[in-house]
Amino acid sequence: MKMSILPRPAGRGALAAVTAAVLLTSLAGCSDDKETMATWAKKGGGQHATAIAQDVKTLLGASDPSPTNAEHCRQVLDDVKAAKAYHPMPDEVARASWDRALGQMETVAGDCVRNAGAGKAGTTLSAVIPVEEAVHEFTDRFSQDVGNAP
C-alpha cells in the first residue's frame with residue numbers, strides 16, 4: 001500500500017481561520033446601499049461579535065479561584081457594554097439572539113467579578129453553558145444572514 005506524502009489535513013484552528021478569512025472577504029465585497037447583516041459586520045459589528053466569541057472562552061477559563069479572573073471578567077463586561085452601545089443589527093431574529101447572549105454574558109461576568117473578588121471560582125461550567133449556547137445561536141443566524149447577503 002502506498003503512503004501519501006501529502007501534508008496532513010489542517011486542524012480545527014486552521015479551518016476556523018480559513019472560515020473567518022472567507023467571511024471577511026465576502027463582507028468586503030458587499031454593497032453599502034442598505035444596511036444588511038454583512039454591512040453591519042463590515043462597519044464594526046464584526047469586531048464586537050469576535051470579541052464576544054472570545055469572551056465566552058474567557059468565561060470558560062475563569063473557573064478557578066484566581067485574582068486575575070476578576071480582571072478578565074471586567075474586560076468581558078466592558079466588551080458587552082461596547083457591543084450593546086453599537087448600533088442595532090438590521091435582522092430582528094439575529095438581534096434578539098444577540099441581545100439574549102449579551103444579557104447572559106453580562107450576568108455571568110458580573111457574578112464572576114463578585115465571586116473572584118471573594119476568593120471563589122469566578123464562573124461555573126453550568127453558568128457558562130447557556131452563554132455559549134446563546135452565542136452559538138446568534139452565530140448560526142449571523143452566518144445564515146451573511147451567507148444570503150447580496
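Just so it is clear, the structure is predicted and the values come from calculations on it, not from any experiment. Computed from heavy atoms alone, side chains included, the values below leave out hydrogens, waters and symmetry copies.
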For this session: Name the orientation class of the two ring planes belonging to W40 and Y86 (parallel below 30°, tilted from 30 to 60°, perpendicular beyond 60°).
Result: perpendicular

For this session: Please report the shortest heavy-atom distance between A116 and A70, naming the atom on each side.
Result: CB-N, 3.5 Å

Exercise. What's the spacing between F138 CZ and L102 CG if we round to 0.5 Å?
Worked result: 8.5 Å

Exercise. Is any side-chain N of the basic residue among D111 and R114 closer than 4.0 Å to the acidic one's carboxylate O?
Worked result: yes

Exercise. Which is it for V135 and Q104 under the side chain to side chain contact (heavy atoms under 4.5 Å, CB included) test, yes or no, and what are the steps along the way?
Worked result: CA-CA 9 Å; V135 170; Q104 289 178 337; over 6 Å; no

For this session: Check whether any side-chain heavy atom of V56 sits under 4.5 Å from a side-chain heavy atom of V131, and report yes or no.
Result: yes

Exercise. What pair of heavy atoms forms the shortest contact from R95 to P90, and how long is it?
Worked result: NH2-O, 3.7 Å

Exercise. With a 4.5 Å heavy-atom cut-off, do D140 and E137 have their side chains touching?
Worked result: no

Problem set entry | A127 versus V108, closest heavy-atom pair with distance | O-CG2, 3.4 Å

For this session: Can you measure from CG (L77) to OG1 (T107) and round to the nearest 0.5 angstrom?
Result: 9.5 Å

Exercise. Rounded to the nearest 0.5 Å, what separation is found between the NZ atom of K84 and the CD1 atom of I52?
Worked result: 10.0 Å

For this session: Supply the atom-to-atom distance H136 NE2 to S97 OG, rounded to the nearest 0.5 angstrom.
Result: 11.0 Å

Problem set entry | Single-linkage hydrophobic cluster, 4.5 Å side-chain cutoff, L125 and V113 together | no

Exercise. Can you name the nearest heavy-atom pair linking W98 to A83, along with the distance?
Worked result: CZ2-CB, 3.6 Å

Problem set entry | Contact list for residues 57-71, test side-chain hydrogen bond (donor to acceptor under 3.5 Å, both in side chains), sequence neighbours left out | D64-N69, S66-T68

Problem set entry | Nearest-0.5 Å distance, CD of residue E132 to OG1 of residue T139 | 10.0 Å

For this session: To the nearest 0.5 angstrom, please state how far the NZ atom of K43 sits from the NE2 atom of H87.
Result: 6.5 Å

